[in-house]
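For reference, the structure discussed in these notes is given below.
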Number of protein chains: 2
Amino acid sequence: MIINKRNHQERFETLLQKLRARGSRITSHRLAMLDLLAVSEGHPSAAQIFNTLRLQFPTISLATVYKTLAVLKEEGEVLEINLPLEARYDGNKPYSHPHLICTSCGNIIDGDELSGFSNASKEILGHYGFEVAQSQIVFYGKCKDCR
Amino acid sequence: MIINKRNHQERFETLLQKLRARGSRITSHRLAMLDLLAVSEGHPSAAQIFNTLRLQFPTISLATVYKTLAVLKEEGEVLEINLPLEARYDGNKPYSHPHLICTSCGNIIDGDELSGFSNASKEILGHYGFEVAQSQIVFYGKCKDCR
DNA sequence: CTACTTGCAAAGCCTTTGCAAACTA
DNA sequence: TAGTTTGCAAAGGCTTTGCAAGTAG
């Protein structure tokens with residue numbers, strides 16, 4: 001997982017504050033998990049989060065990871081991406097945005113610099129009378145390095 | 001599931017021909033399933049297909065449905081849409097196109113009349129050097145009737 | 001102290017697989 | 001007849017849940 005040092009601390013504080021505001025207990029496991037989510041830009045899976053945390057907390061369970069993910073999803077601070085095999089989680093950009101998944105290396109790239117999607121909601125409302133709340137936009141293909 | 005009588009027969013023939021060309025055996029179960037896929041515009045799940053076919057073939061199994069779906073996916077004649085709870089299948093428009101899913105009534109609407117997505121592949125290639133092969137674009141929200 | 005969180009194990013779901021019997025061509 | 005397809009049951013993989021023990025506030 002790639003590390004983003006710039007907004008890391010800031011994002012971590014945001015997540016922490018959300019949990020506090022919610023009245024949730026702050027445990028060492030949760031602190032570590034918030035830290036991981038704030039740092040990782042690699043759209044980790046639950047299993048990946050679990051395996052990373054396990055290095056520091058040998059007794060942590062996958063159930064705890066899922067339970068905390070559920071809380072953060074509920075707070076809108078984590079975006080779930082549903083893939084054919086497993087779900088991935090984005091704790092840095094919890095809003096809907098396009099993702100590019102390389103079918104060679106498996107890397108997931110954020111495609112949030114794309115135009116053409118900004119007007120999508122309006123066009124959908126006009127064309128279909130459908131009011132968009134969320135979206136999941138995934139492109140599969142080959143990334144720059146794998147081509 | 002909504003019925004489309006217009007291109008039904010034509011689509012059915014296409015699917016059938018694909019199976020024949022592949023050297024696959026044509027069984028009564030498969031004929032019924034092709035018919036169902038050619039008719040349904042409702043993006044059925046494997047379970048829904050199974051339950052419908054079971055009315056006509058009480059002994060058919062879910063495994064058979066999945067096995068035939070696998071064949072058709074391999075032939076590119078069925079598009080799989082991965083949702084949080086279950087996969088849905090489109091046997092009428094097996095190419096990538098946007099879907100609008102109503103979170104109230106659960107209906108899945110084809111969003112293939114939207115502009116803005118036609119240039120997406122080019123823009124993604126230019127911006128990220130990423131070559132798109134497939135996509136899954138899903139918008140969640142409220143449909144015209146449910147608003 | 002009280003209520004939330006944890007770990008463990010079990011269960012749930014959807015999907016896939018193994019294998020002998022049935023069937024298409 | 002030969003090889004594919006079927007049904008059944010079991011297994012697989014990811015996710016959720018129940019519950020007693022542990023812990024934050």
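All heavy atoms count here, side chains included; hydrogens, waters and symmetry mates do not. Because the structure is a prediction, the values reported are computed rather than measured. All chains are named by letter (A, B, ...) in the order of the sequence lines, taking the proteins before the strands, and each is independently numbered beginning at 1.
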Exercise. To the nearest Å, how far apart are A/Leu69 CG and C/dT5 P?
Worked result: 14 Å
For this session: Could you check if a side-chain atom of B/Val78 sits within less than 4.5 angstrom of a side-chain atom of B/Asp90, using non-hydrogen atoms only?
Result: no
Seminar exercise, completed: When rounded to whole Å, the CZ to C1' distance for the pair B/Phe50 and D/dG7 reads 10 Å
Problem set entry | Distance below 4.0 Å between B/Ser61 side-chain N/O and D/dC8 OP1 or OP2 | no
For this session: For A/Ser24, answer base if it contacts any base atom (sugar-phosphate contacts may also be present), sugar-phosphate if it contacts only those atoms, and nothing otherwise; contact means non-hydrogen atoms under 4.0 Å.
Result: sugar-phosphate
For this session: Grab the CZ-P distance between B/Arg20 and C/dA25 for me, whole Å please.
Result: 7 Å
Exercise. Under 6.0 Å between ring centres, would you say that holds for B/Phe50 and B/Tyr66?
Worked result: no
Exercise. Starting at the 5' end of DNA chain C and moving along, which residue's nearest nucleotide shows up first, A/Thr27 or B/Ala46?
Worked result: A/Thr27
Exercise. Contact class for A/Leu85 (heavy atom, under 4.0 Å): base, sugar-phosphate, or nothing?
Worked result: sugar-phosphate
Problem set entry | Sugar-phosphate, base or nothing in reach of A/Ala47, heavy atoms under 4.0 Å | nothing
Exercise. How long is the line joining CZ of A/Arg22 and P of C/dC4, in whole Å?
Worked result: 11 Å
For this session: Please figure out whether A/Gly23 or B/Tyr89 has its closest DNA chain C nucleotide nearer the 5' end.
Result: A/Gly23
Exercise. Are any of B/Thr64's side-chain N or O atoms less than 4.0 Å away from OP1 or OP2 of D/dG7?
Worked result: yes
Exercise. Rounded to whole angstrom units, what separation is found between the CZ atom of B/Arg25 and the P atom of C/dC23?
Worked result: 13 Å
For this session: Mind calculating the distance between CG (B/Leu19) and C1' (C/dT24) to the nearest angstrom?
Result: 13 Å
Seminar exercise, completed: Between NZ of B/Lys73 and P of C/dT15 the distance, given in whole Å, is 8 Å
Exercise. According to the interplanar angle, ranging from 0 to 90°, do the rings of A/His43 and A/His97 count as parallel (below 30°), tilted (30 to 60°) or perpendicular (above 60°)?
Worked result: tilted
For this session: Calculate the interatomic distance between B/Glu86 atom CD and C/dC13 atom P; express it in whole Å.
Result: 12 Å
For this session: Kindly indicate, with the supporting measurements, whether the criterion side-chain hydrogen bond (donor to acceptor under 3.5 Å, both in side chains) is fulfilled by A/Gln17 and A/Glu13.
Result: CA-CA 6 Å; A/Gln17 198 141 7; A/Glu13 293 295 341; over 6 Å; no
For this session: Check every strand shown and say whether B/Ala70 touches a base, only sugar-phosphate, or nothing at a heavy-atom separation below 4.0 Å.
Result: nothing
Exercise. Mapping B/Arg30 and B/Pro58 to their closest nucleotides on DNA chain D, which lands nearer the 5' end?
Worked result: B/Arg30
Problem set entry | Phosphate-side-chain proximity, B/His29 and D/dG7, N/O vs OP1/OP2 below 4.0 Å | yes
Problem set entry | Minimum-distance nucleotide to A/Ile26 side chain [options: C/dT15, C/dG7, D/dG25] | D/dG25
For this session: Find out whether A/Asp35 and A/Leu31 are in side-chain contact, i.e. whether some heavy atom of one side chain is under 4.5 Å from a heavy atom of the other.
Result: no
